[in-house]
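To find a chain, count down the sequence lines: A is the first, B the second, and so on, and within it residues start at 1.
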There are 2 protein chains.
Amino acid sequence: MRRADFKRKTRVIVVDDNYDHASGIRELINLEQDYEVIANAGNVNVAISLIKKYQPDIVLMDINMPETDGITAISEIEKLGLKTRIIALTGYDEADLIYRAMKIGAKGYILKTMASAQLIRALDEVSMGKIYLPSVLCSKFFEYFQAAERNEKAYNAAEDEENLLNYLTNREEEVLGLLTEGITYKGVAQQLFISETTVKTHVNNIFQKLQVNDRTQAVLYAINKGFSAKKKAKIA
Amino acid sequence: MRRADFKRKTRVIVVDDNYDHASGIRELINLEQDYEVIANAGNVNVAISLIKKYQPDIVLMDINMPETDGITAISEIEKLGLKTRIIALTGYDEADLIYRAMKIGAKGYILKTMASAQLIRALDEVSMGKIYLPSVLCSKFFEYFQAAERNEKAYNAAEDEENLLNYLTNREEEVLGLLTEGITYKGVAQQLFISETTVKTHVNNIFQKLQVNDRTQAVLYAINKGFSAKKKAKIA
DNA sequence: CGTTTTCTAAATCTTTAGATCTAGTACTTA
DNA sequence: TAAGTACTAGATCTAAAGATTTAGAAAACG
């Protein structure tokens, strides 16, 4: 699956504050005919300027650097909007590191302790536009991912002990929807083609049902219960 | 890595509306000494009652069922809060299906077209508490996952063209913070130990800086810019 | 068919909210 | 020291917002 000889080599930049390690990787990669390391960077700032300048195909980014943390570095590089693909390289297989790296756009994640064949395989996969995450790390990722989702769900569930929005009538929902856009009673009346007094009637009923005292509190309640999402869904 | 003979077999329930297919899986699994299929279910409702009753170790869930969709089914089962682990089983490798299944807590995802060894391997991994996602599907997952994250980022970035909140003074931020709790001017005055007219002065300045006309709009602006998060961070 | 909801709307009144202008004090900075 | 900024606060208005009561018409429900 390697590229044919007549194609230009895949250009790689290695970012690692440990010079020996970076050199090791460089030699390892340069043994491969399909790849060439065009630069090394010992810190994030140098790395970013090199990446801007050479726009490499792949960046091998060490995450465990003292000054700037590698996660932020990946984020910075991704912001540049280049075609450059980033593979995270680290000594630790911590689930949250893997999660964060992949979340912000890393195309691969490998451990320094892994065999060199893994590194080359990662380069192969990623240079073809695929994601490379060894199954062990994939497991770790999902540990964190699913835990995060569970927490989110638990959080939302805690919020809807009782969703008073369910007691609103259709019309009241419409009125509340306009209130959550910061529209005045007069504006609501015009948009719904009803009188302002009718709007006030609806609003008062809404206040009672939501157990609040004014529009601001009603809007806050609605937003906390995810009302805006519901409203957007209706419009679409 | 299989369980020793003296351990009880891992109990599996197969959910598939296609009877032939379900039978095939059943026979395949029953060939393994470590597993036994204790029930088949042809639709989601039956499946859920069986799962409640027998609390199997693993559920093999077909996602492509006509009546209820399998994603919802997984979600329902997860809500039960059992130790039961779910492996999604489907004919298609659509990225969004994989993403959604894993997001709501599936412990594995395999294709019907995959070799039977894959199925057994998935059972082995998942019964040991690990996640099983073949690398092809893992790639698909990340395609969707990273695209979703990118969209989220783009969405947030679009919002911060300019954050007018940055122009607020400390006191104005405090006042706005209280407004976002739905507190009245009089209440704000009491909490900050200043007069109500002072509050009004601050609020008017806030309106001008945020380019809004009333408190509701100010609160909405603040929330959209993530003001509440900032406020909570300050408190903590 | 009667009852209940929902949506509509008016009248009336009190209370906030919001706009505007002025102004004193304190602190910072050129 | 003069100028600017932030915080304070008063007076004075107008315009909304909110509370409350009553009530008609249409639809839904038992």
Review point. Under 4.0 angstrom, heavy atoms only, what part of the nucleic acid is B:T201 near: base, sugar-phosphate, or nothing?
Key: base
Point to revise | Distance in angstrom units between B:L168 CG and D:dC7 C1', rounded | key: 14 Å
Exercise for review: Give one of base, sugar-phosphate or nothing for A:T197, where a contact means two heavy atoms less than 4.0 Å apart.
Suggested key: base
Check your understanding: Just by modelled atom types, is the B:M102 backbone N or O under 3.5 Å from a matching donor or acceptor in the A:Q146 side chain?
Key -> yes
Point to revise | Rounded distance in Å - CG (B:N205) to P (D:dT5) | key: 13 Å
Study note, to complete from the structure: B:D214 atom CG is separated from C:dG18 atom P, nearest whole Å, by 6 Å
Exercise for review: Classify the ring geometry between A:F145 and B:F145 as parallel (under 30°), tilted (30 to 60°) or perpendicular (over 60°).
Suggested key: perpendicular
Check your understanding: Can you find a side chain N or O atom of B:H202 that sits less than 4.0 Å from OP1 or OP2 on D:dT8?
Key -> yes
Check your understanding: At under 4.0 Å between heavy atoms, what does B:T198 touch on the DNA or RNA strands: base, sugar-phosphate, or nothing?
Key -> base
Check your understanding: Rounding to a whole Å, what distance do you find between B:N204:CG and D:dC13:P?
Key -> 18 Å
Exercise for review: Could you check how far CZ of A:F193 sits from P of C:dC7, rounded to whole Å?
Suggested key: 17 Å
Review point. Is B:S195 near enough to D:dG10 that one of its side-chain N or O atoms lies under 4.0 angstrom from OP1 or OP2?
Key: yes
Exercise for review: Look at B:K186 and C:dT16 and indicate whether a side-chain polar atom (N or O) is within less than 4.0 Å of OP1 or OP2.
Suggested key: yes
Review point. Got A:L210 and A:Q217 here, is their nearest side-chain heavy-atom distance under 4.5 Å?
Key: no
Point to revise | Near-ring test B:F142/A:F141, centroid separation under 6.0 angstrom | key: yes
**Study point:** 5' precedence on DNA chain C between B:V212 and A:R171 (nearest-nucleotide basis)
**Key:** A:R171
Review point. Which residue, A:F207 or B:T169, contacts DNA chain D at a nucleotide closer to its 5' end, judged by nearest heavy atom?
Key: B:T169
Practice item. Please state how far atom CD in B:E172 lies from atom P in D:dT5, giving the value in whole angstrom units. Key: 13 Å
Practice item. Check for a donor-acceptor pair, side chain of B:S75 on one end and backbone N or O of B:I71 on the other, with a separation under 3.5 Å. Key: no
Check your understanding: Could you state the CD1-P distance from B:I206 to D:dT8, rounded to the nearest angstrom?
Key -> 12 Å
Review point. Nearest-Å distance, NZ (A:K200) to C1' (D:dT20)?
Key: 12 Å
